[in-house]
Amino acid sequence: MKRLLTQLAAGAALLCPCLPAQAVSHVFLVQNSGWMEPFYADPASQFKPLVTELAAAVTQPGDRMVLAAFNQSLPGAPSPKALMSARVAEGAVRAQVRDALAGLQPARKPGSSALADTDLGEAVQAAIGTALGGKPGLVWLVTNNRNSPHNDQATARRNREFYQLIHQGGGIAAALAYPLKMPVEGTHFRADGLMLYVFAVGEQGARELDALLAAGRIAHVITEPPARLKPLDRATVRLVPRKVENAPGVSFSMAPDGMLRADVAPDANAPAAKIGWNLENTMYPYTIASATLAARSVLGFDTRDIRLDDASIRNLAPGHSEPLASVMQLPVAQLPGKWSLDAIRSAGSAFVLPGRIELQLSGQRLELSQTFRRRMEALFPGDPLPDIFVPPADIRGSRAVLPIEVRVHYGMAPLAALMGGALALTAALGAAAYAYARPRKAYLTVDGEPRTMMARAGTTQPVYDKAGAQLAQLKTTIFGHQLTGLREGAQVRLGR
């Protein structure tokens, strides 16, 4: 182990300058051991153009990129060895990579004419630990899939170490492999295929890889579907709604981003829907030999089991689907009524209740697709490394999540009624205000003589005799007039 650490440190030192901690970066590892001789020697080889176009497709301006050649680290010949390290500039990657690869040839052992051996695990560990410094990023490994340190007989053990690095260590959150047909012939060897691995380091690296796949940027160069190495315990199947029955007032659709939408009429009182799904295996290249299914919906604070007609699947090949019937209930009690404040706020649009459908596969048994196995045997005959595609024994379950939105569409009637009521109330208040503020005539008889006074509601006015002495007070309300404070013996009354 001490010797291995020494070799890793020597190889890692040549990958500097190290990448800044804040950058999500790309590290491209290109194999140049003896087994790769035909990829360099064959005039028709597309090996270097492939690496060039891949780097141009997956990087963007501002990304950090390291390009390094690797074989096996020996004293005096460290590996990996950096060919370039730069921040990606607009339109510059293709020329930079092409120039860096132009003079690259198969390496030889120090002080010998023998071609160098290969250590895939050493290269990946150096990329993760030194080039990325343990930070998130993507490591791209281009290899002929032969892992043969010292050309010894411990190849199977070395393969298992590489397998364990991918599945159990190194901070690798996701890993894909692209087996590519590339027949080449050199002076010493011939080959039929090439393997491209991409390792996402950290959860942020996994999100970066998902974004690349969603944008189709890898597919610009490689049209083959990726074979999944990791993870094998999530997003293994996909649910696609096929038909919906017995759900008056409820309809389902799929949004472009893959979200399931349930549109519910505001008067739907018991939306229990029979939904027919297509259950698709998205875990290429693995066949789900057997698994037990359970499903539930989580909407707001409401969690309900989804009843499945068949709670098991058998021999579901990658990319294939089979029908799955279910009964799902929507949480009517959580949906606002048409006269609620939420409904009025959502008038003319929709009230949205976000949630998800969770599908759990337990007792899961995976098998490598026979079609994929035959393809690997054709591309890499006699190579035991494809055993890394054997699913780990501890992967016995997986979970798939389908986002869902329950949308209730409210018409304009409640809002119109509310607006009409508000207008009527405003008019009534306006009329009351006018009535309150309008001057009114008050007819009085003072000392036998008729008198007319003008008064507004809410006011109190003195009433005088001819000599100017106050006889009483006239109090006016919206309901009429009233005499108060009447002086003893005064001859004052309301009316004529």
Side-chain angles (χ1 to χ4, degrees), residues 3-4 6-15 27-52 66-84 97-127 139-159 161-162 165 179-197 379-386 388:
R3 181 184 178 190
L4 175 59
T6 303
Q7 291 173 339
L8 287 174
L14 291 180
L15 278 175
V27 179
F28 291 87
L29 297 173
V30 180
Q31 184 177 342
N32 72 329
S33 64
W35 289 115
M36 291 291 291
E37 182 264 345
F39 292 94
Y40 290 90
D42 194 326
S45 172
Q46 293 299 303
F47 167 61
K48 290 182 180 179
L50 169 68
V51 177
T52 301
V66 166
L67 174 65
F70 78 95
N71 41 78
Q72 181 187 21
S73 183
L74 291 174
S79 173
K81 183 177 181 180
L83 302 177
M84 63 166 285
V97 175
R98 185 188 302 118
D99 292 346
L101 293 175
L104 184 64
Q105 293 297 323
R108 298 184 182 273
K109 296 178 181 180
S112 170
S113 60
L115 293 169
D117 299 328
T118 311
D119 194 330
L120 301 178
E122 176 187 67
V124 174
Q125 286 177 320
V139 176
W140 306 83
L141 178 72
V142 188
T143 171
N144 72 329
N145 227 33
R146 288 183 180 269
N147 192 34
S148 56
H150 303 299
N151 249 353
D152 58 22
Q153 298 304 309
T155 302
R157 178 173 60 84
R158 297 290 189 176
N159 288 345
E161 290 176 357
F162 186 49
L165 172 65
L180 306 174
K181 185 175 180 60
M182 188 179 291
V184 287
E185 188 164 353
T187 305
H188 304 286
F189 308 108
R190 65 177 306 278
D192 292 312
L194 192 68
M195 183 73 86
L196 166 67
Y197 294 95
L379 293 179
F380 310 102
D383 184 5
L385 193 56
I388 67 170

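What you are looking at is a predicted structure, and each value in this text was computed from that prediction instead of being measured.
Minimum interatomic distance between Y40 and M36 (heavy atoms only, all atoms of both residues): CD1-O, 3.2 Å. Contact record, K109 with D117: NZ-OD2, 3.2 Å, taken as the closest heavy-atom pair. Residue L115 comes nearest to P106 through the heavy atom pair CD2-CB, 4.1 Å, listed as atom of the first residue, atom of the second, then distance. For the pair S79 and F70, the tightest heavy-atom approach, listed with the atom from each and the gap, is OG-CA, 3.3 Å. Closest heavy-atom contact between P75 and P110: O-CG, 3.6 Å. Taking both residues in full, the closest heavy atoms of Q105 and K48 are given as NE2-NZ, 4.1 Å, listed atom of the first, atom of the second, then distance.
Partners of D192 according to the salt bridge (Lys or Arg N to Asp or Glu O under 4.0 Å) rule, which considers only residues two or more places apart in sequence or in another chain, are R190. For the side chain to side chain contact (heavy atoms under 4.5 Å, CB included) test, residues two or more places apart in sequence or in another chain that qualify with L83 are L67, A69, A100, L101, L104. Here T187 pairs with E37 under the side chain to side chain contact (heavy atoms under 4.5 Å, CB included) rule; sequence neighbours left out.
With hydrogens and angles ignored, the 3.5 Å screen pairs a side-chain donor or acceptor of S45 with a backbone N or O of F39. D42 places a side-chain N or O within 3.5 Å of a backbone atom of E185 that can act as its donor or acceptor partner.
Using a 4.5 Å heavy-atom cutoff, the side chains of P80 and L29 are in contact. Side-chain contact between K181 and L379: present, with at least one pair of heavy atoms (C-beta onward) separated by less than 4.5 Å. Within the 4.5 Å cutoff, no side-chain heavy atoms of L50 are placed close to those of L196.
Here the options are N144, V142, L141, the test is side chain to side chain contact (heavy atoms under 4.5 Å, CB included), and the partner is Q31; only N144 passes.
Separation of atoms OG1 (T143) and CZ (F380) is listed at 8.0 Å; rounding is to 0.5 Å. Rounding to the nearest 0.5 Å gives a distance of 12.5 Å between CZ of F162 and CD of E122. A distance of 14.5 Å separates CG in L74 from CZ in R108, rounded to the nearest 0.5 Å.
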task = Walk me through it: do L120 and T118 pass the test side chain to side chain contact (heavy atoms under 4.5 Å, CB included)?
result = CA-CA 6 Å; L120 301 178; T118 311; 3.8 Å; yes
request  = Before giving the answer on side chain to side chain contact (heavy atoms under 4.5 Å, CB included), spell out for K81 and N71 the whole-Å C-alpha distance, their side-chain angles and the decisive distance to 0.1 Å.
outcome  = CA-CA 9 Å; K81 183 177 181 180; N71 41 78; over 6 Å; no
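Taking the six-membered ring for Trp and thresholds of 30 and 60 degrees, F28 and W140 have nearly parallel ring planes, at less than 30 degrees apart.
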